[in-house]
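Here the structure is laid out as structure tokens; the discussion comes afterwards.
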Amino acid sequence: MPELAEVAYYCSRWNSGIGSRVTAVETHGQTRCFRDVDADCVRTDLTGKRLIGSRTHGKRMLFEFSEGSWLGVHLGMTGRLLVREASEALEKHDHLALKTGVGWLVFNDPRQFGKIELFESDGLPAEWQALPTEILSKKFDYEYFGKILERRSRSVLKSLLLVQGLFPGVGNWMADEILWRARIRPDRRASLLDEKERKALFDSLRFVCRGAMKYVAPDYTDPPKTWLFRHRWKAGGICPKTGTILERDEVGGRTTCWSSAWQR
DNA sequence: ATGCATGTTACATG
DNA sequence: ACATGTAACATGCA
């Protein structure tokens with residue numbers, strides 16, 4: 001599930017806990033989600049701290065606590081954040097739960113590809129100061145985008161869009177959506193785009209990121225039927241532009257959906 | 001039962 | 001340094 005806007009949505013699920021003190025921490029410490037940090041450290045460190053705020057960057061989330069503690073969360077493939085009533089029992093895949101005045105702030109992840117991190121730092125942790133330029137930031141302009149295409153000219157576009165160090169937050173459905181809107185086939189190489197196509201891809205990239213944030217981030221509303229999103233999930237879907245059956249195949253190792261009459 | 005999944009990383013190979 | 005392919009991770013769903 002979680003790409004750029006879904007991550008922003010899940011991050012906001014814990015907003016009600018901002019300002020609250022963590023009175024207890026429960027962990028399933030033996031799970032893979034704690035591969036980079038000891039669960040006991042997380043429990044010890046966060047107990048008694050106050051949640052101050054949160055932010056996202058691409059697919060990452062960061063929660064700031066009092067006294068210089070920062071909790072990093074990556075949702076992997078099936079992770080989510082939610083709040084449970086204080087009286088509610090925790091469930092099987094609730095790997096981390098922070099007890100606060102508004103209930104349990106829960107990180108749940110059946111497949112455990114997600115990850116918990118802990119930083120102790122006076123200001124923003126160093127790891128978070130070194131993250132790539134965000135797509136919707138002012139710095140991510142057409143010139144910056146062009147340099148990426150030049151540097152990675154031999155890349156297949158679908159794969160390139162999934163590189164988090166270049167396009168933070170873009171995941172499988174967004175990459176398909178971006179290429180579809182730009183009318184470019186997913187298996188094309190960056191170097192073979194003409195000027196018009198490069199511009200179309202840049203515009204589409206920003207449009208899809210903005211649209212995702214507009215529709216999905218506030219309350220998980222699906223994008224409109226005019227988007228590929230609503231048609232791409234299983235075989236037999238219809239292209240909203242052409243009315244013909246969408247193609248589905250593997251490109252760069254990921255399931256990819258495109259419209260052969262629409263994209264060139 | 002079989003195949004597939006909105007993610008990332010390590011490793012081998014070119 | 002880049003690119004590609006594969007396996008691995010662990011579980012639920014159709």
Side-chain angles (χ1 to χ4, degrees), chain A residues 1-11 13 28-37 39 56-61 72-82 91-96 107-117 127 131-132 135 147-181 186-192 205 208-209 211-213 215-217 220-223 227-237 246-258:
Chain A
M1 296 191 204
E3 303 180 20
L4 184 76
E6 291 98 346
V7 170
Y9 168 80
Y10 283 122
C11 185
R13 294 303 80 200
H28 283 179
Q30 74 285 20
T31 60
R32 184 177 152 80
C33 302
F34 288 95
R35 58 196 176 278
D36 282 3
V37 64
T56 67
H57 183 293
K59 296 176 187 172
R60 301 164 187 267
M61 300 185 289
V73 181
H74 193 295
L75 296 174
M77 196 86 101
T78 54
R80 63 198 171 108
L81 298 188
L82 66 153
E91 296 192 2
K92 187 177 175 190
H93 300 298
D94 290 349
H95 305 298
L96 173 67
F107 164 67
N108 176 286
D109 181 13
R111 283 175 74 181
Q112 300 167 219
F113 293 173
K115 189 162 79 168
I116 296 294
E117 291 174 309
E127 287 86 339
L131 293 176
I135 296 164
K147 280 181 186 156
I148 292 176
L149 293 189
E150 267 174 52
R151 191 152 46 89
R152 304 293 289 262
S153 63
R154 283 153 47 196
S155 299
V156 169
L157 288 170
K158 170 68 187 261
S159 305
L160 183 58
L161 285 169
L162 293 174
V163 176
Q164 295 304 294
L166 301 175
F167 301 102
V170 174
N172 206 32
W173 80 254
M174 289 182 76
D176 285 358
E177 190 80 43
I178 290 159
L179 290 160
W180 175 78
R181 180 162 297 273
D187 58 356
R188 297 269 304 277
R189 308 253 167 189
S191 61
L192 299 178
L205 173 67
V208 170
C209 289
M213 293 305 288
Y215 295 113
V216 181
Y220 226 114
T221 301
D222 285 347
W227 283 43
L228 179 66
F229 181 94
R230 299 279 286 266
H231 312 272
R232 70 174 297 282
W233 300 105
K234 50 187 195 298
L246 290 160
E247 307 288 330
R248 277 171 77 79
D249 205 347
E250 205 160 90
V251 177
R254 303 298 302 277
T255 297
T256 299
C257 180
W258 75 97

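FYI, side chains are in, hydrogens and waters are out, and symmetry mates aren't considered; it's all heavy atoms of this structure. Every chain is numbered from 1 and lettered A, B, ... according to where its sequence line falls, protein lines coming before strand lines. Here the structure is a predicted model, which means the values were calculated and not measured.
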With C1' as the reference atom in both, quote the distance from B:dA1 to C:dC9 in angstrom, rounded to an integer. 22 Å
Is there a side-chain contact between A:H93 and A:T78 (heavy atoms, below 4.5 Å)? no
Pair assignment for B:dA5, Watson-Crick or G-U wobble, requiring both distances under 3.5 Å: C:dT11
Specify the separation, in whole Å, of atom CG of A:L160 and atom C1' of C:dC2. 12 Å
Would you indicate, yes or no, if B:dT8 has its OP1 or OP2 atom less than 4.0 angstrom from a side-chain nitrogen or oxygen of A:K115? no
Parallel, tilted or perpendicular: ring planes of A:F107 versus A:H95, cut at 30 and 60 degrees: tilted
I'd like the P distance from B:dG3 over to C:dA7, given in whole Å. 14 Å
Between B:dT8, C:dC2, C:dT11, spot the one nearest the side chain of A:R154, thanks. C:dC2
B:dC4, C:dT11, C:dA3: which one has an atom nearest the side-chain heavy atoms of A:T255? B:dC4
Selection from B:dT6, B:dA5, C:dG12 that lies nearest to any side-chain heavy atom of A:R111: B:dA5
Checking C:dA3, B:dT8, C:dT11 against the side chain of A:Q164 (C-beta onward), the nearest is B:dT8
A:Q164 (side chain) donor-acceptor with A:G169 (main chain) under 3.5 angstrom: yes
To the nearest angstrom, the CZ-P distance between A:R32 and B:dT9 comes to 10 Å
C:dG12 OP1/OP2 closer than 4.0 Å to side-chain N/O of A:H93: yes
Can you tell me if A:R189 touches the phosphate of C:dT4, counting only side-chain N or O atoms and a distance under 4.0 Å to OP1 or OP2? yes
What closest approach, in Å, do A:E3 and A:N172 show between heavy atoms, and which atom pair accounts for it? OE2-N, 3.1 Å
Could you tell me whether the phosphate oxygens of C:dA3, OP1 or OP2, come under 4.0 Å of any side-chain nitrogen or oxygen in A:S155? yes
What is the ring orientation for A:W227 with A:W173, classed by angle as parallel under 30°, tilted 30 to 60°, or perpendicular over 60°? tilted
Can you tell me how far C1' of B:dT9 sits from NE2 of A:H74, to the nearest Å? 11 Å
Contact class for A:G253 vs. all strands (heavy atom < 4.0 Å): base, sugar-phosphate, or nothing? nothing
Closest approach to the side chain of A:P110, judged atom by atom: which nucleotide of B:dT6, C:dC2, C:dG12 is it? C:dG12
Taking the side chain of A:K59 as heavy atoms from C-beta outward, which of B:dT8, B:dA5, B:dT6 is closest to it? B:dT8
Nearest heavy atoms of A:L75 and A:P2, plus distance in Å: CB-CG, 3.5 Å
Without decimals, in angstroms, what is the distance between A:D109 CG and B:dT8 P? 13 Å
Shortest side-chain distance from A:R151, nucleotide among B:dT6, C:dA10, C:dC2: C:dC2
Quick one: A:K158 NZ to C:dT4 C1', roughly how many Å, whole number? 15 Å
In whole Å, what is the span from the CD atom of A:E150 to the P atom of C:dA3? 13 Å
Return the value, rounded to whole Å, for the distance between atom CZ of A:R35 and atom C1' of C:dA10. 11 Å
With a 4.0 Å cutoff (strictly under), does any side-chain N or O of A:R152 reach OP1 or OP2 of C:dC2? no
Ranking B:dG7, B:dA5, C:dG12 by distance to the side chain of A:K92, first place goes to C:dG12
In whole angstrom, give the distance that lies between atom CZ of A:F113 and atom P of B:dG7. 11 Å
